[in-house]
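The structure under discussion appears below in the form of structure tokens.
These numbers were taken from a predicted model, which means no experiment stands behind them. Naming convention: chains lettered A, B, ... in sequence-line order (proteins, then strands); numbering from 1 in each chain.
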Amino acid sequence: GAVVSQHPSRVICKSGTSVKIECRSLDFQATTMFWYRQFPKKSLMLMATSNEGSKATYEQGVEKDKFLINHASLTLSTLTVTSAHPEDSSFYICSARARAQETQYFGPGTRLLVL
Amino acid sequence: SQQGEEDPQALSIQEGENATMNCSYKTSINNLQWYRQNSGRGLVHLILIRSNEREKHSGRLRVTLDTSKKSSSLLITASRAADTASYFCATDAGDSNYQLIWGAGTKLIIKP
């Protein structure tokens with residue numbers, strides 16, 4: 001099946017620093033990638049949708065200047081959490097889908113802890 | 001955004017029993033999908049059922065869809081300890097990105 005990787009799997013950073021999370025589709029071309037945030041014991045909250053070569057579309061309430069998303073190629077999207085604060089600590093998950101495919105394939109997630 | 005509601009929120013059964021989880025949604029859909037998430041991991045796609053389908057099987061999984069009631073159920077037969085996970089339903093938003101709208105999830109615990 002389709003494989004999506006995420007890196008890093010876990011990151012601890014100091015408040016005020018920036019953290020970049022990578023999401024890669026390993027065996028298919030991902031025309032669309034999604035970035036989610038998940039709080040403990042909760043469902044997924046969609047942060048933004050990005051199409052290759054286009055600017056990301058952010059959900060209401062998600063600050064685009066704080067959560068920078070780049071989808072420069074058909075296999076890579078990055079999420080940069082800028083000037084991280086402790087409240088940004090969370091589990092971030094990306095997913096990817098190929099053109100005209102309805103199924104999303106998920107990365108294993110990145111656990112971010114901001115001290 | 002959340003559209004679906006799943007019940008029960010948590011389900012604990014003995015290994016070998018069947019587990020049934022339900023999902024309700026509010027708007028018209030093109031399809032409904034079920035995903036599984038092991039603790040602290042990403043989600044794994046289980047099964048997709050289209051709006052013109054009523055039932056679908058995949059191994060020990062059986063999914064039903066009732067569009068008149070805007071509900072779906074996921075049945076796992078002969079449960080195993082390895083089935084312990086959270087299960088989420090998701091409906092497509094009908095947009096060009098096939099964006100999914102997620103249910104709250106059911107935490108399933110299979111006791112050995």
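Side-chain contact of A/Thr57 with A/Thr49: a donor-acceptor pair under 3.5 Å is absent, judged by distance alone. A donor-acceptor pair shorter than 3.5 Å can be found between the side chains of B/Gln37 and A/Gln38. In the model, B/Ser51 has no side-chain atom that pairs as donor or acceptor with a side-chain atom of B/Asn30 under 3.5 Å.
Using the six-membered ring where Trp is involved, A/Tyr36 and B/Trp102 have ring planes that are perpendicular, over 60° apart on the 30 and 60° scheme.
Between chain B and the residues A/Pro108, A/Ser9, A/Ser95, the largest count of heavy-atom pairs under 4.5 Å involves A/Pro108. Most heavy-atom pairs under 4.5 Å with chain A, from the set B/Gly105, B/Ala90, B/Ser86, B/Gly40: that is B/Gly40.
Of the two parts of A/Arg99, neither the backbone nor the side chain holds a non-hydrogen atom closer than 4.5 Å to a non-hydrogen atom of chain B. Residue A/Thr103 touches chain B through both its backbone and its side chain, counting heavy-atom pairs closer than 4.5 Å. The parts of B/Leu43 that come within reach of chain A are both its backbone and its side chain, each placing non-hydrogen atoms under 4.5 angstrom from that chain.
Counting all heavy atoms, side chain and backbone alike, A/Leu26 lies closest to A/Ser5 at CD2-OG, 3.7 Å.
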